[in-house]
Amino acid sequence: MKESKNFLQTIVEKDLQSGKSKEIVTRFPPEPNGFPHIGHAKSIFINFGIARDYNGHCNLRMDDTNPTKEDTKYVEALKDAVTWLGYEWEGNVRFTSDYFAQIHKYAMQLIKMGKAYVDSVDEEEMRELRGTVTEAGKRSKYASRTVEENLDMFERMRKGEFQDGEHVLRAKIDMSAANMKMRDPLMYRIRHAEHFRTGNEWCIYPMYDFAHCLSDYIEGVSHSICTLEFENNRDIYNWVLDTLELEPPRPYQHEFARLGINYTVMSKRKLLELVEGKYVNGWDDPRLPTIAGLRRKGYTPESIVTFCDQVGIAKANSMVDVAQLEFTIRADLNPKVPRVMCVIDPLKITIENYEGSEELNASYYPDDVPKEGSRKLPFSREIYIERDDFEENPPKGYFRLTPEQPVRLKHGYIIACKEIIKDSDGKVIEIKAEYYPTSKSGSDTSGIKVKSAIHWVSADEAKKVEVRLYDRLYSSEMPEGIEDLNPNSLQVIKDALIEPAVVQERPDERFQFERQGYFFADPIDYTDEKPVYNKIVGLKDSWGKKTKPTPPKPEAKEKKVQIDGEVVPMTSEQEKLFTRYKEGLKLNGEVANTLARDEDLSAFFEEALAVLNSPTNLANIITNEVAREMKQHTKEELKFTPQQIAELIKMVDDTTISNKIAKQVFEEMVNSGANPEEIVESKGLVQISDPEIIGKIIDEVMEKNPDNVEKFKAGNKKLLGFFVGQVLKATDGKANPKIVNQLLAQKLQ
RNA sequence: UGGGGUAUCGCCAAGCGGUAAGGCACUAGUUUUUGGUACUGGUAUUCGGGGGUUCGAAUCCCUCUACCCCAUCCA
């Protein structure tokens, strides 16, 4: 776990501490109607991760309330994804369909409570009656059906007496609710369809909004974590559980932002389009962000979990850079996998002064990877190197083979170019070279310095393999559709050449092909006759970056010019109040403005003012602190009175307490409703203004932070705030900050 | 045009009235028989804009702006 907590962990800890939750129970509740992708991985990571972190448990539940879309093959894929990522669900896999009978009972209970009714308008009419975002909706005439009628109708719905769409069960909430979701939401609809688990047992199916909260409740879920788009549904979630008056403990819903990654797509619809349109080769195409695709490409579950951890969990919609994902797989594989040599685009080299052959001993791992293992590497007169590793007219900074520049064959000898052979088109087809017999790796006495070591394979012993080079699926950072597809996202190299040990010994399934990247033996197409390797990710390539600079990222978007909108004009009433506050009471214009525009605030102010004639200080605390409390709570919930605020400010006025203490006292008043004077007395909050006492504390603080004293003296004036903070902390906030500031400025000179 | 959210570096993201964490990316250097890795440094005088409160504001208040979600018998 990272050091900093995410907001869900904060909530969980708070709930555990307050006793709101006795035990942490989460659930991963996908609808089995599509293949899981890395977005699901994030949800799995969050739900299973939180359960693990707080010694709770996590259920795997298939939210199978819509029989027309779901299928058991998706159930398997989902289970597989969870297991692959290294998590275990509690008990059996749960299904919402397991709870159909119970959910049905709850529906009947709601009907009996008069909180649900059978509606019989058609879809179009229902939409009209629902109203719009700005206009209230209206209830249909069927909303007035009696409990008996509703019970009877609902029973007949269940028995299958009606066609799809003829009737629905709706919650009776509020057709004029500002939250559209609360305008009598549907709870059951008729669907004469075969369900993949319950078959034809039911012909009515609960809607998400009714089934989800109850399923969570039935399973004893404590924290129901979902994505942001369900924020509006939270009201229904709570309404159902509250209205049914279910025994505690009950679940609470919390939302986080779904994962977005650039250069790819995550929506079910777009993914389906790619697969069905054959733009990719099935759900496990390595270019896809599906779990199956990532897995086939060679990603490890560890790297994906790490990725989820690194990108964090928050409520801001965001788009993570694929580079972050690529980093996690490199970091995971680097210390784990063997290094081998594979030439993808071969160029023949004949070493003219070498006769015979030999076997070089080569470690699978570089010195900085503490793993054991080596193989024999055949070396001979004819070898292949990467075409890129020779340049007749090298650019500046080129370290590889050139007519003038020798290079080391990794694990082998240093060679130098003698002659370049070209075909009729001028293309280099072969290099005649010579080697330095004394330069053998490990026993080099030649004294020749080379700028780099390149990979190679021996011509006779190298094995032909297929290598599939994958690049990002889309060329656009935020792809819209198939027109943004990257035409070069897949490059199949049929005849790459690999050193023999890799396919003969098969020491691993993942490798680093030296200087090229990480590769994975394709789990499906690989055969001994035709080995196939998928490129997982390339190595970081700072040379490639220099030579072919990627199209410069659209440069830092300019700071948007902010246009001030129009401020709503004041009513004449407010205008009058404003003038009185500003002119009469000499209040700051902004403060007067805030006060005048808010009826509750101004009323509160007037009452306090009647007790204490200190308009400025009263207005300040009321437009700030009191305003905050009034925003967060209803008037009835407020535990403090205007008179008490006046009392508080009186103590500020006569310098008994500082502004800072006043805020502390106010917090206490908010919580306990106690009198300010009592709070000050019982907590001994009287302000310390004695320069001698404060001076001593300052000395102590300076002694404890000599480096910061230095920094301050060196010119880091920001640190004054740090010192003030330390002194205040040492006095529990009681030191008079003005005096602290003065004294500090003197002492730190 | 209501309601619900969100805004901190190129991309993520901590922070909850007292010195602007961290990761990716970028960049400079050291090590290196991978132009890899590792290591060391550099990267936000400023938190969407403007005001206000305070000794002190990314954090509290007011206001404006931008983006996302909501009017499926989908989830």
Side-chain angles (χ1 to χ4, degrees), chain A residues 2-6 31 33 63 65-66 69 123 126-127 130-135 137 164-165 168 177-181 183 186 188-191 207-208 212 228-233 255 257 262 310-312 314-321 323-324 327 330 334-335 339 366-369 397 399 408 410-411 441 444 450 452-455 512 514-515 539-544 546 553 555-556 559-567 588-591 593-594 597 620-621 623-625 627-628 631 658-660 663 708 711 716 718-726 728-729 737-738 740-741:
Chain A
K2 289 196 287 192
E3 277 173 51
S4 52
K5 280 178 287 190
N6 63 56
E31 181 187 14
N33 70 342
D63 206 3
T65 55
N66 186 351
K69 290 186 168 183
E123 273 191 72
M126 188 179 298
R127 192 162 39 244
R130 188 147 28 219
T132 69
V133 287
T134 49
E135 294 162 48
D164 286 8
V168 293
N179 178 356
M180 295 291 294
K181 292 259 142 128
R183 319 252 256 229
L186 269 60
Y188 266 94
R189 79 289 216 183
I190 300 170
R191 272 269 200 289
M207 304 289 291
Y208 166 86
H212 204 94
L228 243 32
E229 66 268 28
F230 291 101
E231 278 171 326
N232 295 317
N233 301 253
E255 310 88 12
N262 58 11
Q310 277 181 9
V311 299
K315 293 187 79 130
N317 288 314
S318 55
M319 186 69 79
V320 177
D321 196 331
Q324 185 100 31
F327 169 81
R330 281 195 204 104
N334 179 54
R339 317 290 140 122
D367 291 341
D368 50 14
V369 173
F399 292 169
R408 176 176 295 282
K410 176 93 183 172
H411 302 297
S441 186
D444 184 354
V450 290
S452 73
I454 61 173
H455 60 279
Q512 183 190 110
E514 203 109 22
R515 303 207 301 133
L539 256 28
K540 237 177 109 175
D541 182 8
S542 38
W543 171 247
K546 266 182 205 159
K553 262 199 155 184
E555 222 13 79
K559 283 255 172 185
K560 277 184 206 151
V561 184
Q562 293 282 349
I563 303 146
D564 286 350
E566 236 167 84
V567 180
N588 169 303
E590 275 304 313
V591 174
N593 185 35
T594 310
R597 281 170 183 277
N620 283 344
I621 194 169
T623 45
N624 288 286
E625 269 60 40
R628 180 184 68 232
K631 207 161 63 170
S658 63
N659 260 305
K660 188 186 172 76
K663 280 179 193 174
N708 275 340
K711 277 190 213 161
N716 190 348
K718 271 191 299 193
L719 285 173
L720 188 64
F722 164 74
F723 285 111
V724 176
Q726 291 299 309
L728 251 44
K729 205 167 155 191
K738 280 184 195 162
V740 173
N741 266 293

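Each chain gets a letter, A, B and so on, in the order its sequence line appears, and its residues count up from 1. What you see below is based on every heavy atom in this structure, not just the backbone, and it leaves out hydrogens, waters and symmetry mates.
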Could you tell me which residues satisfy side chain to side chain donor-acceptor pair (under 3.5 Å) with [X], sequence neighbours excluded, listed by chain and number?
{"X": "A:Glu229", "result": "A:Thr227, A:Arg258"}
{"X": "A:Asn317", "result": "none"}
{"X": "A:Asn33", "result": "A:Glu31, A:Lys268"}
{"X": "A:Arg628", "result": "A:Glu667"}

Side chain to side chain contact (heavy atoms under 4.5 Å, CB included) partners for A:Ser318, two or more places apart: none
With A:Ser452 via side chain to side chain contact (heavy atoms under 4.5 Å, CB included) - residues at least two apart: A:Phe399, A:Arg400, A:Val407, A:Ile454
Could you check if a side-chain atom of [X] sits within less than 4.5 angstrom of a side-chain atom of [Y], using non-hydrogen atoms only?
{"X": "A:Val168", "Y": "A:Met126", "answer": "yes"}
{"X": "A:Lys738", "Y": "A:Asn741", "answer": "no"}
{"X": "A:Arg339", "Y": "A:His411", "answer": "no"}

Contact pattern, 5' to 3', of nucleotides 16-26 of chain B - B, S or - by protein heavy atom under 4.0 Å: -BBBSB-BSSS
Per-nucleotide protein contact string for nucleotides 68-75 of chain B (B base, S sugar-phosphate only, - none; heavy atom under 4.0 Å): SBSBSBSB
[atom1] gap between [N] and [M], integer Å:
{"N": "B:U53", "M": "B:C12", "atom1": "C1'", "result": "33 Å"}
{"N": "B:A28", "M": "B:U65", "atom1": "C1'", "result": "39 Å"}
{"N": "B:U54", "M": "B:A14", "atom1": "P", "result": "32 Å"}
{"N": "B:G3", "M": "B:C11", "atom1": "P", "result": "31 Å"}
{"N": "B:C9", "M": "B:A58", "atom1": "C1'", "result": "14 Å"}
{"N": "B:U31", "M": "B:U37", "atom1": "C1'", "result": "10 Å"}
{"N": "B:A25", "M": "B:C39", "atom1": "P", "result": "14 Å"}
{"N": "B:C61", "M": "B:C26", "atom1": "C1'", "result": "39 Å"}

Counting just side-chain N and O atoms, does [X] come under 4.0 Å of either OP1 or OP2 of [N]?
{"X": "A:Ser318", "N": "B:A13", "value": "yes"}
{"X": "A:Asn588", "N": "B:U53", "value": "yes"}
{"X": "A:Arg339", "N": "B:G36", "value": "no"}

Salt bridge (charged side-chain N to carboxylate O under 4.0 Å, His left out) partners of A:Lys410, counting only residues at least two apart: A:Glu514
Donor-acceptor pair present, A:Arg515 side chain and B:U34 base, under 3.5 Å: no
Presence of donor-acceptor pair under 3.5 Å, side chain of A:Ser441 and base of B:U33: yes
Those residues that, when tested against A:His212, pass ring pair (Phe, Tyr, Trp, His ring centres under 6.0 Å) (two or more places apart): A:Tyr208
Which residues share a ring pair (Phe, Tyr, Trp, His ring centres under 6.0 Å) with A:Phe722, sequence neighbours left out: none
Nucleotide of B:G36, B:C61, B:U53 approaching A:Val591 most closely (side-chain heavy atoms): B:U53
Tell which nucleotide pairs with [N], taking only Watson-Crick or G-U wobble pairs whose two distances are both under 3.5 angstrom.
{"N": "B:C26", "result": "B:G42"}
{"N": "B:C60", "result": "B:G52"}
{"N": "B:C73", "result": "none"}
{"N": "B:U34", "result": "none"}

A:Arg191 and A:Asn66: CA distance, side-chain angles, deciding distance, side-chain contact (heavy atoms from CB on, under 4.5 Å) verdict: CA-CA 8 Å; A:Arg191 272 269 200 289; A:Asn66 186 351; 3.7 Å; yes
Quick one: label [X] by what it contacts on the DNA or RNA (base, sugar-phosphate, nothing), any heavy atom closer than 4.0 Å.
{"X": "A:Gln512", "result": "base"}
{"X": "A:Gly397", "result": "base"}
{"X": "A:Lys315", "result": "sugar-phosphate"}

For nucleotides 28-30 of chain B, which of its nitrogen or oxygen atoms have a protein nitrogen or oxygen under 3.5 Å away, and what is each distance?
none

First of A:Lys738 and A:Ala316 reached from the 5' end of RNA chain B, by closest nucleotide: A:Ala316
